[in-house]
**Q** 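One structure, pasted below without further comment.
Everything quoted here is computed from the prediction, not taken from an experiment. For ligands, and for the atoms within them, numbers begin at 1 and follow the listed sequence.
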Amino acid sequence: MDGTTPARVAHFFTCDVEEWYQVVALAPWAPMDRWEGFESRVEAAVDALLQRMADAGALGTFFTVGWVAERHPAMVRRIAAAGHELASHTYDHQRITHQTPAHFRESVRRTKRILEDLAGHPCVGFRAPSFSIVRGTEWALDVLVEEGYAYDSSLFPVKRAGYGYEGGARDAHWIDRPAGRLREFPPATLALLGRTVPAAGGAYFRILPPQLVHAALAAAESRGHPGTFYIHPWEWDPGQPRLDVPLLTRIRHYAGQGGVMARLDRLFRRFRFTSFRAGAPELAGR
Ligand SMILES: [Zn+2]
């Protein structure tokens, strides 16, 4: 199976650019007012990924936290110069479920401006921290349309504690909102024993057998759709400082980090990847 099938569909590779200490699961031990005191690791990790992607001829979309972009403008420019797309991951990496519409509007407006100034192309895409646009917080989609965004990649059609958009469509689709139309690119899933299970990247890629994500992308391809993969810079950085967190959080955050780069290389060998901006013709002119 591996590495021999000629690629037909270009899948969407996405990286959520954030620091190791901004992860929602670590928030109780690393609140925003302490961020400035932690060691920054994001540039080295992103540069390692840019090199691997250049070697593989892969493009992707980098959903970047505005707070990080402000502090690492040269890194953002390097991402753009390599041909990748810059898109928004909020300014402060707070979950949609934990903020007001007014705060969210300011966050996505500010981040769009920061990224456009640095990247030199329109910032039209968004992903919520921890896929936190859930049932009942669709107001966020209206805010995105009103603020000039053309697409979202936050609606994870799975049932999970704390996030997930259960019953949502699994392939790319249009969402009609009072404020207008938005294209949605859901993270990849796999239909397994009558259930929709998450298989798009992150911990599912880092900890579970890599065949899970491969199977989800291959299944999307067989339906004639690209799949959406995601990963974070801290996921291949085993040297990051360790916080004294509970066992389950520790496993979810730190397990498998040493093997991610090899898994990415294998993924790049089997599948072709591009950005939403370059690979989704329905976004043309938006
Ligand atoms: Zn994030």
**Q** Per the ring pair (Phe, Tyr, Trp, His ring centres under 6.0 Å) rule, which among Trp234, Trp35, Tyr254, Phe38 passes with Trp20?
**A**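 The single option meeting the ring pair (Phe, Tyr, Trp, His ring centres under 6.0 Å) with Trp20 is Phe38.
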**Q** Between Asp152 and Arg127, is there a salt bridge with N-O shorter than 4.0 Å?
**A**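 No, Arg127 and Asp152 are not salt-bridged.
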**Q** With a cut-off of 2.8 Å, does any N, O or S atom of His232 fall short of it relative to the Zn ion (ligand 1)?
**A** no
**Q** The Zn ion (ligand 1) is nearest to which N, O or S atom of Glu18?
**A** OE1
**Q** Among Tyr151, Phe229, Phe126, exactly one meets ring pair (Phe, Tyr, Trp, His ring centres under 6.0 Å) together with Phe276. Which residue is that?
**A** Tyr151
**Q** With ring centroids as reference points, do Tyr21 and Trp29 lie under 6.0 angstrom apart?
**A**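 Here the rings of Trp29 and Tyr21 have centres that are no less than 6.0 Å from each other.
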**Q** Do other residues, nucleotides or ligands put more than 12 heavy atoms under 6.0 Å from Arg177 CZ?
**A**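 More than 12 within 6.0 Å, yes.
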**Q** What's the atom name of the N, O or S in His93 nearest to the Zn ion (ligand 1)?
**A**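 The atom in question is NE2.
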**Q** Report the name of the N/O/S atom of His89 located nearest to the Zn ion (ligand 1).
**A** NE2
**Q** Within Asp16, is some N, O or S atom less than 2.8 Å away from the Zn ion (ligand 1)?
**A** no
